[in-house]
Structure formats: structure tokens, C-alpha cells
Amino acid sequence: MRTTLAIDIGGTFTDVVLQDSDGIHSTKILTSHQDPSDAVIDGIQKIFENSRSSYEEVSLVLHGTTLATNALIERRGAKTALLTTAGHRDILEMAFENRFEQYDVNIERPRPLVSRKLRIPIEERMNAQGEIFTSLSMESVDRALDAVVRERVESVAIGFLHSYVNDKHERIVADAVRSRLPNIEISLSSEVCPEIREYERLSTTCANAYVLPLMARYLKNLAERLGELGFSCPYLMMTSGGGLTSFDTARRFPIRLVESGPAGGAILAERLATELALDKVLSFDMGGTTAKLCLVDDGHTLLSRSFEVDRVYRFKKGSGLPIRIPVIEMVEIGAGGGSIATVDQLDRVQIGPESAGSNPGPACYGLGGEFATVTDADCLLGRLDEDFFAAGSIKLDREAAVNAVSTHVSNPLGLTNAEAALGIAEIVDENMAAAARSHASEWGKSLNDRTLIAFGGAAPLHAARLMEKMSLARVVIPTHAGVGSAIGFLSAPIAFEVVRSRHMLLSHFDSNLIGDVFDDMREEARSVIITSTVGKTLDETAHAYVRYVGQGHEVSVLLDLNALNADNLREKFEENYISMYGQIIPNADLEVMSWTLNVSAFTDHITNSATLASSTNGMDIDVRELTCVEQSGSKKAKVISRESLEPNFVIEGPVLIVEPHTTTVVPTGFHIQRMDTDHLLLERET
């Protein structure tokens, strides 16, 4: 087995996982926001102190980070200019020209990443066929560069109309920028998002330019520090679409890293669904800052080519910045262990999206935090072992948690601390359940009788209550649940997806056009993959995005490139259309808007085939007790270490199953057992 290192930087904790011949080693370190690589290096040094492996033996480093996401949300990116076709500089402001909340007179819209002053017009124009309609004016380019120099711009986005068909003008302007400003970062829309729909394409390109300098510095710094430690292996980054790519590609297209950490968790859920033969799964990843929920059907997550960042209106669709990249479809809300609880003007308890993060963190961390958080509530409810939290690296300060909850929630509402803590936990659980219901409804899916796979530092604490709220069948807590996303990296393929918008009516099916498009995409994708793989078999997955002529949205159709013709394409489209909408439109022509090709090569998997275990008897355990507050009152709960559990022995709640990076709460009316695969199975009493 190859020795692999996986690193996941979250808003609160940085997780480091080492897989070697002895198994899996893991650690959690509070994230260092000033320089995220500090926590990475600290975590690596700590984990190798307890391993027989050396830095030189590591054959692969896998990395996911929320750095790009946080830069977009907190507006901490580079000062960016957009050079775009004259007359179209306000596309970022006009957006879709709709109201995502029709009846709110105080509606907020996402603020563009590039101010109007730095959205600079360039005299040029291509038509929709890629033919030059207005010649490029180099005088307008020179004026634009004067403004870029004058405003001390750090990064430039270049996006012209219809450049996804013909990128000639974008490349000429890019050459002019490099000639005059050789050290400035440049993002071309024809490279970042060569796809139809101008607003989304420009929004994605500007987002890429906005985070590019920050990510480029970070990746360069991290690679240098890893080299200084003695690592000489390839470094790969996790992308939002569930694949791994090289640091160099990640540096060019950092926007593809926005959902990299959550994607690792979704891959873990996919693998477990397959191993345990679970056809309907809800993946639940709750960390210190956010909670992520993802549907997994028949061992596969839902995939998309678009999502939104920084939704400003109660996480409502349409209120964020649209990004068009390959992404695993999931819902993410500001509900983590560090999410701050407040009381609003209507005396309602609100949770998040603001988080205490790692600095100062929840009040109970004893690092100066003053606000009440979900973790503080869990501490007051007796769900956390104060001496064993984070493997003993953080000594919980219960008194600080009491002061925070009483000051910000109990006293304003006239509640006891126990009532306030229960209220905080109940509201955050309902927020997550509501998000899951909404997400499933959008995709026409049901949550009933699904298996919840819960991982992340906070998810096992809240899994049982979510199981109740959503009428789920069972909960699986995987091994090393506290660092689940990093574990997921170990199973991810090295992959890169390329898209091209080439419009084609099915009535004018052109096999030569299709062949040229896929040859071009194959060359680009393989050039990225081959730099990260040697001697591996490459797999290809192709899709067409098809709709009836005149419709506004496409349906994804999986293609067989060896048997692709008009009849085959129509048949597959109609199968998908019927599954989504129940019927087709007879005799209507189809149009293909875009084509995608994903090229992948799998790394060595962690494999462990198994089925759900059955119950047996017979185990004696030395246990301690803590007082836990439940809906029905205070109960004495056993505290048992996960490693002491014998396979298939059933333990009834209330009980806390503690391990180095998380705690599984088993309330009254539930029971838990350790399966043959070492995963935990949590179920309700019948």
C-alpha cells in the first residue's frame, strides 16, 4: 500500500491524515488563518511523531482547503479588473434581471467582486458564430492598461462576448497585458469557463481572478515548506467536482477548489454506500463552521455544472454569486460547532451563519471566545467529555460556556441554561433538517428511510436528532469520522473535466463537429491528467447538455462516444426527460448547448467490502458516566471509548461513544453497535 498524506483545511480545524502500512493515523489542529500552512506543517509534524513512516516515504500528498471559499465570502481577494466588450460592463450588476424574492422590498443582491470603476470596456465584438463583428481596438486596450496601472490592480479578468466560440481577441489582449505587466495574474473566460451564458461566464472568471493571487501564493508557499520537510512526491489538490488535480492546474483555476473539502466528504459517503450496499444515503458533514448535506443514490452523488457562493439572503437560491464549474451537488449552511447563537429583536434564537472559527473559537475552548456557540451548548448538555475533547489537546472550559450561553441567550429570554442550550441544539438541528428537506425536494427525492452517514467533528453529536426529524432508517458513523473529508481524499480519482459550448440542432446532427469538439477537449484534459499520473489507465466520461428548442434549461445526457448518433442521443435524452418531468414533447426538435469530457485515473483505494452487521451479545466494558440533558430531562449517560467496543455488541442509550476527534451521542430510545467493518451503526429502538 502506498503511503499517502491527506490534508483538509476547514474554517475551524485543519485535519491531517496519514495512510501507511500500519493503517490510518489522524490529527486535528486549530486552523491558522493568518498563514494556513502553519497549521498544516504543525499537523504533519505531530502525526509523523506517532508514525514509523518518514517524510521521504510519502508517495502522494492530497489537499483540500476552504481558503478560496472564505476569500470570496469575506471579500479578502485581490483587487481585480475586468476587461470586457464595450457596452457590456454592467453584466455583473444586471445579472439575471429577476427578483429571487419577489415580495421583499428590501431585497439584497450579491455585491459584484469587481467594482464598476474597474470594469473597463474594450472596443471589440464577436458574433455568436465566432466571426469578427467589430475589430479589436488596441487603443482601447492601451487605455484599459493605463487604468489598471493607475488603480494598482493585482489581477485581471478578460471576458469578451462569445469568446467561448472564438478566443482570438481575449488572447491578443492577454498578450498585451503580459507584455506591459509581466507579474500580474490573468484569467481568461475562454479558459476558465468556455461555456455559453455571459453572466455566469463572467462571474466565474472574475471569481477565479479574485482568488488567484491569494491561492497562487499559498500553494507556492505550501509546496516550498513541504519540500523543506523532505517531501519529494507529487502534490494534488481536491476539486469541487470530486477529482484530484495538480498544484499547477489548481493555481491556474483556483475557482475549481471552492467546494474541495466538502467534495472529499461526499466521496467518502459514496464509498461507504457501495461497501455497505446502501441504495439511498444522506451524507451529513458537520464541522466547526458549516454543515454540508448531500444525496447519494445507488452509490453515486448528484453532479452539477453550477452553484452559488456567498448567498446573502437566508441561503435562498439566486441570492449568491453564480459559479459554473463541475461540482458535487450539495447544500451547505452556516451550521457548525462554532456557529454563533444570538437573540433577535423578536426574541428568537438565531444560529449562524457567523462562526467563532478557530480564533477565538467557542467560549468553551478557553481561548478568549465570548459568544455562545453550538459547541458551547453541546458542552452544557453534557455531550462532550471535558477531559477527552480533541484527544485531550483542548481542555474544555465549562464555566466559560455557561457564561457565554447565559449572557447571550438565557438571560435575554429568561430561560435556564439547560433550556437555552437545548433550544440552541434544537434550532441548529431543525435548520439542518429543513435544508436537507429543501435540497431533496428540489431534486424530486425523498428523505424517508435513507441511511444517514455522519462525519466531521460535530455531526455524530447531532446525528440521532436529525434521524428523528427526517424519519431516517439508520445512522452510520464511519471509522475516523472526525476527519471524514480528508479520508475521502484518499479514495478520489485524479480527474479533470473540460467543457465546450458548440450549439447543434439534432435535426442537423454533425458527427464531424462532435469529433472535433471531443478531440480538442481530450487533448486539454489529458495534458492535465498525465502530469499527475504515470502508467495509469485513463477513463473518459462524456455528457451533452440538451434541451428542446426554445427551452431555458438543459438536461444532462451521458454519451457513448463509440455509438453516438442522432437517434441514440434523442433516446437517452427522452429517458432522462421522462424520469424528471414524466412526459416528453412529441416531434419537437432538440438542441445541444454544451459538451463535457471528464478524464480520470483512480489512485489506490481504501477498500473494505462489508454488509450491515447483525446483533450479538456478550461484552463487559469499564465505563464512566456523565450527566446529559435530553428533551425529557437529565439522564446519566455512560461514556465509552470507541476502540473498546467489540464487534456487533449492542449498547442502549443514553451513552456517549468517544474517540479522538468526535463524540457519538446515543440518546435514550436508541442503540448502537460496532459493525464488522469498524463503522458504528446507530438505530432507534423498535
Within the side chain of [X], is there an N or O that forms a donor-acceptor pair under 3.5 Å with the backbone of [Y]?
| X | Y | value |
| --- | --- | --- |
| Ser438 | Ala435 | no |
| Tyr210 | Gly77 | yes |
| Arg547 | Gln551 | yes |
| Asp510 | Leu513 | yes |
| Thr249 | Thr245 | no |
| Ser594 | Tyr545 | no |
| Trp595 | Arg502 | yes |
| Arg89 | Arg119 | yes |
| Asn576 | Ser556 | yes |

Exercise. List the steps, then state whether salt bridge (charged side-chain N to carboxylate O under 4.0 Å, His left out) holds for Arg305 with Glu200.
Key: CA-CA 11 Å; Arg305 284 210 50 80; Glu200 293 104 314; over 6 Å; no

Would you tell me whether Ser163 and Asp167 have side-chain atoms, one donor and one acceptor, within less than 3.5 Å of each other?
no

Exercise. Judged by modelled atom types alone, do Glu170 and Ser189 share a side-chain donor-acceptor pair under 3.5 Å?
Worked result: yes

Just wondering, are more than 12 heavy atoms of other shown residues or ligands nearer than 6.0 Å to NE2 in His503?
-> yes

For residues 75-88, the side chain to side chain donor-acceptor pair (under 3.5 Å) pairs (sequence neighbours left out) are Glu74-Arg76, Arg75-Asp310, Thr85-Glu124

What donor-acceptor contacts under 3.5 angstrom involve side-chain atoms of residues 253-270, with partners at least two apart or in another chain?
unit_1	atom_1	unit_2	atom_2	d
Arg256	NH1	Glu497	O	2.9
Arg256	NH2	Glu497	O	2.9
Ser260	OG	Thr65	N	3.0
Ser260	OG	Thr65	O	3.0
Ser260	OG	Leu257	O	3.1
Glu270	OE2	Thr301	N	2.9
Glu270	OE2	Thr301	OG1	3.2

Between [X] and [Y], does any side-chain N to carboxylate O distance fall below 4.0 Å?
| X | Y | answer |
| --- | --- | --- |
| Glu540 | Arg522 | yes |
| Arg125 | Glu131 | no |
| Arg500 | Asp520 | yes |
| Arg324 | Glu308 | no |
| Arg201 | Glu198 | yes |

* To do: Determine, step by step, whether Asp567 and Arg570 satisfy the salt bridge (charged side-chain N to carboxylate O under 4.0 Å, His left out) criterion, reporting the C-alpha distance in whole Å, the side-chain angles of both residues, the deciding distance to 0.1 Å, and the verdict.
  => CA-CA 5 Å; Asp567 292 338; Arg570 177 179 285 276; over 6 Å; no

Please lay out, stage by stage, how Arg197 and Glu554 fare under the test salt bridge (charged side-chain N to carboxylate O under 4.0 Å, His left out).
CA-CA 12 Å; Arg197 293 189 171 92; Glu554 297 84 51; 2.7 Å; yes

Fill in: Derivation and outcome, salt bridge (charged side-chain N to carboxylate O under 4.0 Å, His left out), residues Arg251 and Glu185
CA-CA 11 Å; Arg251 183 201 174 284; Glu185 301 289 358; 2.9 Å; yes

Correct closest heavy-atom pair for Val592 and Ala544 would be CG1-CB, 4.0 Å

Here the pair of heavy atoms bringing Phe496 nearest to Ile529 is N-CD1, 3.4 Å

For His63, the ring pair (Phe, Tyr, Trp, His ring centres under 6.0 Å) test, sequence neighbours excluded, returns Tyr218

The side chain to side chain contact (heavy atoms under 4.5 Å, CB included) partner of Arg450 among Leu295, Asp279, Val296 is Leu295

From the list Thr204, Val156, Asn208, side chain to side chain contact (heavy atoms under 4.5 Å, CB included) with Ser187 holds only for Asn208

Parallel, tilted or perpendicular: ring planes of Tyr164 versus His162, cut at 30 and 60 degrees | perpendicular

Discussion item. Can you tell me how the ring of Tyr548 sits relative to the ring of Phe573, calling it parallel under 30°, perpendicular over 60° and tilted otherwise?
Written reply: perpendicular

Less than 6.0 Å separating the ring centroids of Phe284 and Phe455?
-> no

